[in-house]
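See structure below.
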Number of protein chains: 2
Amino acid sequence: MAKTDVLSLAILGMLAEQPLHGYQIRKRLGGELGPFRALSYGSLYPCLKRMLGAGLIAADESEADAVRAGGSKRSRIAYRLTEAGQARLADELASSGASSWDDETFDVRFSLFGKTDSATRLRILEGRRTRLAERLEEVAEGLARMRDRHDAYTAELQRHGLERVEREVEWLDKLIENERSAPRGTDHHTASAGDNN
Amino acid sequence: MAKTDVLSLAILGMLAEQPLHGYQIRKRLGGELGPFRALSYGSLYPCLKRMLGAGLIAADESEADAVRAGGSKRSRIAYRLTEAGQARLADELASSGASSWDDETFDVRFSLFGKTDSATRLRILEGRRTRLAERLEEVAEGLARMRDRHDAYTAELQRHGLERVEREVEWLDKLIENERSAPRGTDHHTASAGDNN
DNA sequence: ACCGCGATGTATCGCGGCGATACAACGCTC
DNA sequence: GAGCGTTGTATCGCCGCGATACATCGCGGT
């Protein structure tokens, strides 16, 4: 069973809206997921190649002008989901295993909540919450154990890290609450009015 | 001019206190920097090898029992700083360039503030603050621009990311204030009472 | 007395992400 | 019409990571 990595998932979700060029994929991912999760070409193109090989996406070559004398042709490649790709995306969106709330995965998964049904959303949010709560205890314990045979700055770093995770848990609590009280279904058509860049 | 990567820097700082085995280095780094910045063997040993090659550290082979019949000898390798390593560490600790407040570097750099003089600490904290403030504007701008031709969940993710960065800035402000009002010098001898594990 | 199991300890392999870099053509302004 | 920023595709080397293998030590259980 071929596993879908985070990067592929993000691309899958992105291409579900509309076909895009590699360049556009990169730019959008940089914009939507914030300055976090910037995507380098060194990851993008190999990943697209992998996905092509797996048959998840297809490449529509366009703008292929006649080959000039010894010249090249300004090739632009629009990638779109194949049916296999749509199926894989649907599969992935319906899943709510432990991998859904890993540090690296969660953000991307969350950004696709618009295409995810309410029950799955809730499971993922709760899983993430539990994971962070565990981490919370670990850090708190470690912080208590290091009490004062240690550098003040190191301790402060720990304390701050702890606070960060606490905020994260609060955020999740808010989201969970919200999800419970208003479990609206997957809303399609939320995105992509005619914006091109 | 050989550049010192973050990992090497962390190890340099760690070995400045006392010689350690690879295993111990990993465990400590996992504990001190929190569950963040966990260090895998796949990074550690190659890095140690690089540092050995660069002459920054030396390996003290110990517990080398007589080779039993066809047996191996339970080798344990204690790494310690060479003079070149100490010099490099001092160099690095005195520097306060832009690389000091990068995302990947800052935490490690901060954890070594106990060995850094007050002026340098302040420069780094301010540099970091500026960097985050820039990011703050970028995200805020991006968030405003995506106003409501976009998925609600994606927007929420952005909003939360923004909040996280804001908290980070507040934290830095607090630290800067503190540093300005009480610029105590580098305090040595803060760490390492007889704790062994 | 022995067994097993978890902690200590060193080491490598393949995968994949990243920064840098190269190349090319487009469109805009001065 | 020269320059320059943007769009666009692609690769290379470095290195971090998870998994894995191996070996020994020390402890508690039966």
Side-chain angles (χ1 to χ4, degrees), chain A residues 2-11 19-30 36-54 59-68 70-79 99 102-105 108 196-197, chain B residues 2-11 19-31 33 35-53 59-68 70-79 99 102-105 108 196-197:
Chain A
K3 269 298 293 150
T4 313
D5 58 312
V6 214
L7 195 42
S8 303
L9 178 58
I11 295 176
L20 290 171
H21 295 171
Y23 186 86
Q24 294 172 318
I25 294 177
R26 181 177 187 264
K27 215 181 166 210
R28 296 223 174 184
L29 218 60
F36 352 95
R37 302 267 167 207
L39 173 60
S40 73
Y41 293 125
S43 327
L44 214 212
Y45 286 107
C47 181
L48 286 173
K49 207 169 270 187
R50 285 196 302 271
M51 295 172 75
L52 272 176
D60 291 330
E61 201 103 4
S62 65
E63 251 97 344
D65 290 350
V67 179
R68 228 158 302 169
S72 47
K73 45 177 177 182
R74 163 73 154 167
S75 68
R76 322 169 78 227
I77 304 170
Y79 295 95
S99 58
D102 275 351
D103 283 339
E104 334 82 49
T105 315
V108 170
N196 47 348
N197 72 336
Chain B
K3 269 297 295 150
T4 312
D5 59 312
V6 214
L7 195 42
S8 301
L9 178 58
I11 295 176
L20 290 171
H21 295 171
Y23 186 87
Q24 294 171 319
I25 293 176
R26 181 177 187 264
K27 216 183 165 207
R28 296 223 175 182
L29 218 61
L33 278 293
F36 353 95
R37 303 267 169 206
L39 173 60
S40 73
Y41 293 125
S43 325
L44 215 211
Y45 286 108
C47 182
L48 287 174
K49 208 169 269 186
R50 285 196 301 273
M51 294 173 75
L52 271 176
D60 291 332
E61 201 103 5
S62 63
E63 251 97 342
D65 291 349
V67 180
R68 226 159 303 169
S72 46
K73 44 176 178 183
R74 164 71 155 167
S75 67
R76 322 168 78 225
I77 305 170
Y79 295 94
S99 58
D102 277 350
D103 284 339
E104 333 83 49
T105 315
V108 170
N196 47 348
N197 69 339

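In the text below, chain A, chain B and the rest are named by the order of the sequence lines, each starting its count at 1.
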(request) Mind checking side-chain contact (heavy atoms from CB on, under 4.5 Å) for B:Ala59 and listing every partner two or more places apart, or none if nothing turns up? (result) B:Leu52, B:Ile77, B:Tyr79
Listed pairs, N/O of protein and of nucleotides 9-12 of chain D, under 3.5 Å:
unit_1	atom_1	unit_2	atom_2	d
D:dT9	OP1	A:Ile77	N	2.9
D:dT9	OP1	A:Ile77	O	3.1
D:dT9	OP2	A:Gly22	N	3.0
D:dT9	OP2	A:Tyr23	N	3.0
D:dT9	OP2	A:Tyr45	OH	3.0
D:dT9	O5'	A:Tyr45	OH	3.4
D:dT11	OP2	A:Lys49	NZ	3.0

(message) Applying side-chain hydrogen bond (donor to acceptor under 3.5 Å, both in side chains), can you list everything that pairs with B:Asp103, at least two apart in sequence or on another chain?
(response) B:Arg128, B:Arg135
(request) Check the distance between C:dG16's C1' and A:Glu104's CD and give it to me in whole angstrom. (result) 13 Å
(request) Please identify each residue that fulfils side-chain contact (heavy atoms from CB on, under 4.5 Å) with A:Ser43, with sequence neighbours left out. (result) A:Leu7, A:Leu39, A:Ser40
(message) Can you measure B:Ile25 atom CD1 to D:dG16 atom C1' for me and round it to whole angstrom units?
(response) 16 Å
(message) In whole Å, I'd like the distance from the CG atom of A:Asp5 to the P atom of D:dG16.
(response) 21 Å
(request) Report the distance from atom CE of A:Met51 to atom P of C:dG16, rounded to the nearest whole Å. (result) 13 Å
(message) A:Tyr23: which residues meet the ring-ring contact (aromatic ring centres under 6.0 Å, His included) condition with it, sequence neighbours left out?
(response) none
(request) Please report, rounded to the nearest Å, how far the C1' atom of D:dG5 is from the NZ atom of A:Lys27. (result) 12 Å
(message) Quick check: closest heavy atoms across A:Val6 and A:Thr105, and the distance to 0.1 Å?
(response) CG1-CA, 3.7 Å
(request) Ignoring backbone atoms, test whether B:Arg26 places a side-chain nitrogen or oxygen under 4.0 Å from the OP1 or OP2 oxygen of D:dG18. (result) no
(request) Would you mind reading off the distance between B:Leu39 atom CG and D:dG18 atom P, rounded to a whole angstrom? (result) 10 Å
(message) Using side chain to side chain contact (heavy atoms under 4.5 Å, CB included), reason through B:Leu29 and B:Leu44 one step at a time and then give a plain yes or no.
(response) CA-CA 11 Å; B:Leu29 218 61; B:Leu44 215 211; over 6 Å; no
(request) Provide, to the nearest angstrom, the distance between the CG atom belonging to B:Asp103 and the C1' atom belonging to C:dC18. (result) 14 Å
